[in-house]
Amino acid sequence: MIDLKVVREDPDRVRASQRARGEDESVVDRLVAADETRRAAEVSYGALRNEQKELGKRIGPLQGALKEATVDERSTVQADVDALMGTAADLADRVKAAEATRDGADVETQLLLGQLSNLIDPAAPVGGEADFTVLEHVGTPRDFAAEGFTSRDHVDLGEILGAIDIERGAKVSGSRFYYLTGVGALLELALINHAVALATGNGFIPMIPPALVNPPAMEGTGFLGQAAENVYRLEADDMYLVGTAEVPLAAYHSEEILDAASLPRRYVGWSPSYRREAGSGGRDTRGIWRVHWFDKVEMFSYCNPADAVNEHARLLGFEREFLDSLELPYRVIDVASGDLGASAARKFDIEAWIPSYGDYREVTSTSNCTEFQARRLRVRMRDADGVRPLATLNGTLVAITRIIVALLENHQQADGSVHVPVALRPYLGGRELLTPL
RNA sequence: GGAGGCGUCGCCUAGUCCGGUCGAUGGCGCCCGCCUGCUAAGCGGGUUGGGGUCUCAAAACCCCUCGCGAGUUCAAAUCUCGCCGCCUCCGCCA
């Protein structure tokens, strides 16, 4: 969630952000009103409660006096006690009413605040999905016709190499499932090792987090809002399957106050990612480009908000380094405001060239969530100025299935074999070529 | 799944039986000051987090916070109920 003070003091900024996202602006006005009500209710409740406590302090001693009282005094003291108790009982009713009002206003405020997405970074391009800015192109897509052969897509290559078994995936689990077999399985392990080595070499702490989390963790990361329909929920246990290691990595320090001097804290997590793909209808149904489950290595940073923009650039840098090492052609885009997730203030995607689509398609994504997630998950930092929310950022190092698609299709040879990028060879026993069975 | 124990302001801890004097004791750590040739020791003070009032700001003040939630009561760390977590033992098991 965003800072309520910003809503109160600079509602125009919040409206502008909502507008840029194409989201409801009216929430802002309702929230400002609810906050005002809430603060007034807080004051009334506080005053009444204070009165009640002052009164309560006098009851104990008076009851003591009643015990000490002589027979003559008893009726007078008893009358005092009764009077006081009467007042107190009356006050108790008013306190209870004021408390209910306060709580109601509080709930309303939190509810509205929870509906607001993160404030957009003014540097992000404004517009919808198609309005991204291309920051850079790296590498050149191959021209297979010029090379004298017709390229195969990853489904055909996967079958020839014995790397991907889609039919049996469907038999066992349904559509959008697959088995990685033989060199396909080895390729995943190689990619994971390569990615984790790159990250740990740059100071990230490797993590293998739980892929099943409780509601606060899932809510806190912001995935139960507009993205809720894509999250798997286990009804019997009230648990969620994570769509990314971002969830358990973000919740890792929830409810904690970290020493500002210990920041940035960088983690790299390897986990399965489960996605219902509701609403993606008939898109990308062939092959393993869009699946219900894949493994992924994800970077996650906790940092000082003042450093967040630089940290974002660093994460993007590591993603580029990884793609470079795989010898893949790609472009970097600055995602437009209307296409950002609720938690992100700004997002950069890397899109690799995918020959079978004849287009650049998303293989990694890095988001600067500023203090939005940290506020929801109550992750804070302490420095000389006190305690306040820190910034969280995430970025994909490797989403296995999409990178396998990119590798097979971009590095294929006329005979169906696939060139292995030099950087990956140490993790594949030195193999330079994947060859058809 | 069954039985028992436990959860207090960074860590440890007192308090919970018998509700008000606990708006939470003491120790450790940390911070400030005094003392000291320096260091140590000693002495004095401070040290949870959140919301709000008033302020340019600070200070001051008010409310909430004893795992979480609900209840009883004039009043809850303390009594009642539910939930969560941790530990021990038993059962089952990769």
Side-chain angles (χ1 to χ4, degrees), chain A residues 1-10 31-68 77-114 208 210-220 234-240 248 251-263 265 272 371-372 374-390:
Chain A
M1 63 184 75
I2 67 172
D3 189 352
L4 187 52
K5 281 204 192 82
V6 172
V7 178
R8 191 148 69 215
E9 288 162 14
D10 194 1
L31 181 52
V32 168
D35 177 47
E36 204 163 311
T37 306
R38 179 189 130 264
R39 280 180 297 144
E42 181 71 43
V43 171
S44 324
Y45 171 73
L48 280 171
R49 184 76 176 120
N50 186 27
E51 204 179 321
Q52 181 183 42
K53 290 166 80 172
E54 292 300 327
L55 199 59
K57 273 183 196 163
R58 288 157 52 195
I59 292 177
L62 204 55
Q63 281 177 336
L66 186 59
K67 276 185 197 146
E68 308 285 307
V77 179
Q78 182 67 57
D80 286 349
V81 171
D82 290 347
L84 212 50
M85 291 288 264
T87 314
D90 175 54
L91 197 54
D93 288 340
R94 289 162 63 206
V95 167
K96 210 162 278 180
E99 189 180 19
T101 305
R102 196 269 315 260
D103 289 348
D106 216 33
V107 166
E108 173 74 2
T109 305
Q110 288 303 317
L111 195 73
L112 290 167
L113 187 59
I208 300 181
L212 211 49
V213 301
N214 57 24
M218 193 54 92
E219 275 159 22
L234 301 188
E235 181 79 33
D237 299 287
D238 198 17
M239 300 279 283
Y240 295 94
Y252 186 65
H253 285 302
S254 57
E255 312 281 326
E256 294 181 27
I257 299 174
L258 307 178
D259 186 347
S262 73
L263 303 175
R265 295 205 191 192
E371 296 106 306
F372 187 84
R375 210 171 264 119
R376 286 171 160 243
L377 291 163
R378 304 192 358 100
V379 190
R380 291 163 293 171
M381 62 172 200
R382 188 200 308 276
D383 64 8
D385 297 330
V387 174
R388 61 183 185 284
L390 44 68

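Chain A is the first sequence line, chain B the second, and so forth, proteins listed ahead of strands; every chain is numbered from 1.
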| request: Please state whether the phosphate of B:C74, meaning OP1 or OP2, lies under 4.0 angstrom from any side-chain nitrogen or oxygen of A:Gln52. | output: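 False: A:Gln52 side-chain N/O out of range (4.0 Å or more) of B:C74 OP1/OP2.
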Whole-Å distance separating the [atom1] atom of [X] from the [atom2] atom of [N]:
X	N	atom1	atom2	value
A:Asp259	B:C30	CG	P	14 Å
A:Asp106	B:U65	CG	P	13 Å
A:Asp93	B:U72	CG	P	12 Å
A:Asn214	B:C68	CG	C1'	13 Å
A:Glu255	B:G7	CD	C1'	16 Å
A:Arg94	B:C74	CZ	P	16 Å

Evaluate the side-chain proximity of [Y] to [X]: yes if any heavy-atom separation is below 4.5 Å, no if none is.
X	Y	value
A:Leu31	A:Leu4	yes
A:Met1	A:Gln110	yes
A:Arg375	A:Asp3	yes
A:Asn214	A:Asp238	no

| request: If a protein heavy atom is under 4.0 Å from the base, mark B; if only from the sugar-phosphate, S; if neither, -; do that for nucleotides 49-64 of chain B going 5' to 3'. | output: SSSSS--------SSS
| task | Please determine if A:Asp35 and A:Arg38 form a salt bridge, counting it only when a charged side-chain N lies under 4.0 Å from a carboxylate O. | result |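 Result for this pair is yes, salt bridge flagged.
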| said: When the P atoms of B:G71 and B:C66 are compared, how many Å lie between them, rounded to an integer? | reply: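 Here B:C66 and B:G71 have their P atoms 16 Å from each other.
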| task | For A:Tyr45, enumerate each residue passing the ring pair (Phe, Tyr, Trp, His ring centres under 6.0 Å) test, keeping only those at least two apart in sequence or located in another chain. | result |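 Testing A:Tyr45 for ring pair (Phe, Tyr, Trp, His ring centres under 6.0 Å), a comparison that skips the adjacent residues, returns none.
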